[in-house]
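Each residue takes its place number in the sequence, starting with 1.
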Amino acid sequence: MAVFINEQIKASEVVLTGLRGENLGIVSREEALAMARSEKADLVCTSLMSSPPPCSLVSKGTGKTAAKKNAAAHKTDAGRGTGGSGKEKVKELRFTAYIEEHDYDTKLRQADKHLRSGKPVQLVVKASGAKEGLAAKAVLERLLADLKEIGVKDTGIQTGGKGSQVKLNPR
């Protein structure tokens, strides 16, 4: 990916974003370079695919790294807009069938925090045998009851030979 800084930008006009992310509109290349000099910043352009190209002012010396991060973020956002080609990260929290009360409370707080921040959570309870299978399901049912205000089941409780799991989405 090519990153163009200051005089490397050849377009006559650019769509400019300020140091604090504010949209400054379409300005001439010379005006954008003058703004960059006056604010002791770099003018950075990561894409020449549109006309005029989008450019932003970034603090001196951080131009290339910030531009690459910014371009990478735009690339992943564009992938998500296509309706599911970008995978959403799901936080997986693992429990044991016979979990201590303190450990349960800690994991419950973690699940609560992730759901409140808008992220889905996969709750997995490991079971070492058939006897623990019922206990694993009971732990999940208790978690679902404790998280019912902030989370909604995406899948039902799935029980298998090694334990049970359920996915919760934020409300």
Side-chain angles (χ1 to χ4, degrees), residues 1-5 15-23 42 44-50 53-59 61-171:
M1 168 188 51
V3 176
F4 300 96
I5 298 178
V15 177
L16 190 60
T17 304
L19 279 170
R20 287 165 285 293
E22 68 275 14
N23 186 3
D42 284 326
V44 177
C45 178
T46 56
S47 171
L48 297 176
M49 298 306 283
S50 60
C55 294
S56 42
L57 297 174
V58 295
S59 23
T62 60
K64 269 197 172 168
T65 54
K68 284 184 178 179
K69 279 184 188 173
N70 194 10
H74 285 300
K75 196 174 185 181
T76 57
D77 286 347
R80 288 206 176 115
T82 58
S85 65
K87 282 253 181 176
E88 188 175 351
K89 284 274 190 185
V90 178
K91 178 67 177 174
E92 183 177 295
L93 295 173
R94 294 180 178 202
F95 300 80
T96 57
Y98 298 108
I99 188 168
E100 297 282 328
E101 196 60 35
H102 171 73
D103 296 337
Y104 176 87
D105 292 340
T106 302
K107 296 278 189 166
L108 182 66
R109 278 195 311 273
Q110 287 177 353
D112 184 87
K113 184 176 92 176
H114 282 286
L115 288 168
R116 287 189 193 279
S117 68
K119 297 182 183 114
V121 177
Q122 179 86 19
L123 304 172
V124 178
V125 181
K126 296 279 184 186
S128 60
K131 291 177 186 170
E132 288 188 8
L134 291 172
K137 191 170 181 183
V139 169
L140 279 182
E141 287 169 351
R142 180 177 170 201
L143 281 164
L144 289 172
D146 289 343
L147 294 169
K148 70 178 178 232
E149 264 95 61
I150 52 169
V152 60
K153 279 194 295 188
D154 182 48
T155 61
I157 295 177
Q158 300 163 345
T159 306
K162 295 284 184 186
S164 302
Q165 63 183 8
V166 65
K167 181 179 173 190
L168 282 178
N169 286 330
R171 282 199 186 267

Pairwise distance [atom1]([X]) to [atom2]([Y]) - rounded to 0.5 angstrom:
X	Y	atom1	atom2	result
L108	Q110	CG	CD	10.0 Å
K119	H114	NZ	NE2	6.5 Å
D112	D105	CG	CG	11.5 Å

Backbone N/O of L147 and side chain of E149: donor-acceptor pair under 3.5 Å:
no

Could you tell me whether the side chain of K107 and the main chain of R94 form a donor-acceptor pair under 3.5 Å?
yes

Is P120 close to K167 at the side-chain level, that is, under 4.5 Å between some pair of heavy atoms?
yes

If I compare all heavy atoms of [X] with all of [Y], which pair ends up nearest, and what's the gap?
X	Y	answer
G133	A127	N-CB, 4.1 Å
C45	P54	SG-O, 3.6 Å
S164	K137	OG-N, 4.1 Å
I157	E141	CD1-CG, 3.7 Å
L115	P170	O-CB, 3.3 Å

Residues two or more places apart in sequence or in another chain: which of them pass side-chain hydrogen bond (donor to acceptor under 3.5 Å, both in side chains) with Q158?
Q165

Sorted by chain and number, sequence neighbours left out, side-chain hydrogen bond (donor to acceptor under 3.5 Å, both in side chains) with T106 holds for none

Is the number of heavy atoms from other residues, nucleotides or ligands within 6.0 Å of CD (E22) greater than 12?
yes

State whether the number of non-hydrogen atoms from other residues, nucleotides or ligands found under 6.0 Å of L19 atom CG is greater than 12.
yes

Have a look at V166 and tell me which of V121, V124, L143, L123 forms a side-chain contact (heavy atoms from CB on, under 4.5 Å) with it.
L123

Begin with the C-alpha distance, continue with both residues' side-chain angles, and end with the deciding distance and a verdict on side chain to side chain contact (heavy atoms under 4.5 Å, CB included) for D42 and L57.
CA-CA 6 Å; D42 284 326; L57 297 174; over 6 Å; no

If you apply the rule side chain to side chain contact (heavy atoms under 4.5 Å, CB included), what do you find for L144 with L168, and how did you get there?
CA-CA 8 Å; L144 289 172; L168 282 178; 3.4 Å; yes

Residues E92, K126: salt bridge by 4.0 Å N-O rule
no

